[in-house]
Amino acid sequence: MTIQDYLHHYFTMPDIVFFFLVSLGVVVLIHFILYAAAKHTAGLYVEEDAPYVLRDEMLGLMEKYYELVFSATSMLFFVGIYFLIDFNYFGLGWNEFEFWNKYSDYILLAMIVISVALISLMDRLIIPLRRLKKGEKASLRMAAMVYMTVIFFYIKFIYLDNNYDSIIAYFITLIIGRFVYFDATLEDFGSAMKDLAGTLPILGLVLLSTGLLALYGFRTGYLLRANGVVVSLFIAHLFMIIEIFVIARTGVVQRSLARRIRKIEAQRGQREE
């Protein structure tokens, strides 16, 4: 298949509409799960503080989810490009050049570095995430490395595709290097592991999002294995990014939480009268 064939496939009606609606349903489902988690946390506080805790907790969880989705999408994009080039999809032919064969590992590293810059662009300009602290962003981006490793292992052992073996080893090396370095102490290691452990619930939600979209997309044939599983998952994530952008820019969640707070305050005022 040529690039034109792939574009025709992905933009065919009504398949693109169906996939958009399914991905929107997945994103909405995740927001309901985040709301349930925030409501549980708010329930631990006194009645007067609970609405404000609910708002802050919900918005904080949303930003963590968005950040990890951005990180995962960016890495899927650059790894997908690397895969297409390395296996000569669409007749790109870069793998025939000595430069590519000699420096492809360094090019992959450069792509990962560029992906980090792209994530910063997305979470500052496109959908500003103002509640996340620097340490939280670092932990979530580390979790994105774990996300990619899980995806690669899934491809290897479920789809029985060995094309990503060298990239798997590369990502495992990066993860180990994040925790074990020459001047690291046990305290540093424990702190890094604790930070990563704190991202596991959000990591689970991002993996759930990807899994549900992959389940629908590959079963219906909208997502294709022919152009690489990673590339197809990136396309699925693009739909999620668009829907997250709409949700974030319209402020629908913030307005809903604000209405809830006003309603609770009004009820409290009536009881005091």
Side-chain angles (χ1 to χ4, degrees), residues 27 30-31 33-38 40-42 44 53 55-79 108-109 111-154 167-211 230 233-234 237 240-241 244 247-248 253:
V27 171
I30 296 300
H31 280 76
I33 294 174
L34 295 176
Y35 179 80
H40 172 74
T41 301
L44 303 176
V53 174
R55 178 194 60 194
D56 294 340
E57 188 72 13
M58 178 63 182
L59 296 179
L61 290 174
M62 282 171 51
E63 290 201 356
K64 290 179 180 178
Y65 176 73
Y66 294 170
E67 176 71 16
L68 190 45
V69 169
F70 296 160
S71 299
T73 304
S74 182
M75 289 189 181
L76 286 170
F77 174 64
F78 284 99
V79 172
L108 176 59
L109 178 60
M111 287 181 170
I112 294 174
V113 172
I114 295 172
S115 75
V116 174
L118 180 61
I119 297 165
S120 298
L121 177 67
M122 294 178 69
D123 65 17
R124 290 182 183 179
L125 298 180
I126 299 178
I127 306 177
L129 304 180
R130 301 185 178 90
R131 292 175 176 267
L132 289 181
K133 300 176 182 177
K134 185 177 180 181
E136 290 176 324
K137 284 188 176 183
S139 298
L140 289 165
R141 293 180 184 183
M142 186 66 236
M145 292 282 189
V146 178
Y147 168 90
M148 289 301 301
T149 304
V150 172
I151 294 298
F152 289 142
F153 276 116
Y154 186 83
I167 303 179
I168 291 174
Y170 198 83
F171 270 86
I172 291 176
T173 301
L174 288 177
I175 292 172
I176 293 174
R178 173 63 176 80
F179 295 105
V180 182
Y181 42 94
F182 77 96
D183 60 345
T185 64
L186 287 176
E187 189 173 317
D188 294 332
F189 177 80
S191 177
M193 288 297 295
K194 182 179 179 181
D195 292 340
L196 180 61
T199 68
L200 292 182
I202 299 297
L203 174 60
L205 290 178
V206 177
L207 286 170
L208 175 63
S209 305
T210 303
V230 168
L233 293 182
F234 164 71
H237 273 236
M240 291 172 57
I241 294 290
I244 287 173
I247 291 173
V253 175

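- Closest approach of A37 and L61 over heavy atoms only: CB-CD1, 4.0 Å.
- Atoms CG and CE, from L233 and M240 in turn, are 11.0 Å apart once rounded to the nearest 0.5 Å.
- Residue L132 comes nearest to E63 through the heavy atom pair N-OE1, 3.3 Å, listed as atom of the first residue, atom of the second, then distance.
- With sequence neighbours left out, E136 forms a salt bridge (charged side-chain N to carboxylate O under 4.0 Å, His left out) with K64.
- Every residue meeting the side chain to side chain contact (heavy atoms under 4.5 Å, CB included) condition with Y35, not counting sequence neighbours, appears here in chain and number order: K39, L54, M58, L257, R260.
- Scored by the salt bridge (charged side-chain N to carboxylate O under 4.0 Å, His left out) test, R141 finds E67, D123 as partners (sequence neighbours excluded).
- Between S71 and A144, the shortest heavy-atom distance links the atoms CB-CB, 3.5 Å.
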Item to complete: Could you check T199 against M142 for side-chain contact (heavy atoms from CB on, under 4.5 Å), going step by step and ending with a plain yes or no?
Response: CA-CA 9 Å; T199 68; M142 186 66 236; over 6 Å; no

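- Heavy atoms only, all atoms of each residue included: P201 and A197 are closest at CD-O, 3.9 Å.
- Heavy atoms only, all atoms of each residue included: M62 and L34 are closest at CA-CD1, 4.0 Å.
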All N/O donor-acceptor pairs, side-chain side in residues 203-211, below 3.5 Å, sequence neighbours left out:
from, atom 1, to, atom 2, distance (Å)
S209, OG, Y65, OH, 2.8
S209, OG, L205, O, 2.8
T210, OG1, Y147, OH, 2.7
T210, OG1, V206, O, 3.1
T210, OG1, H237, NE2, 2.8

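- Residues meeting the side chain to side chain contact (heavy atoms under 4.5 Å, CB included) test with F234, sequence neighbours left out: T73, L76, F77, L238.
- Atom OG of S139 sits about 12.5 Å away from atom CD1 of I202, to the nearest 0.5 Å.
- The stretch residues 200-210 participates, sequence neighbours left out, in no salt bridge (charged side-chain N to carboxylate O under 4.0 Å, His left out) pair at all.
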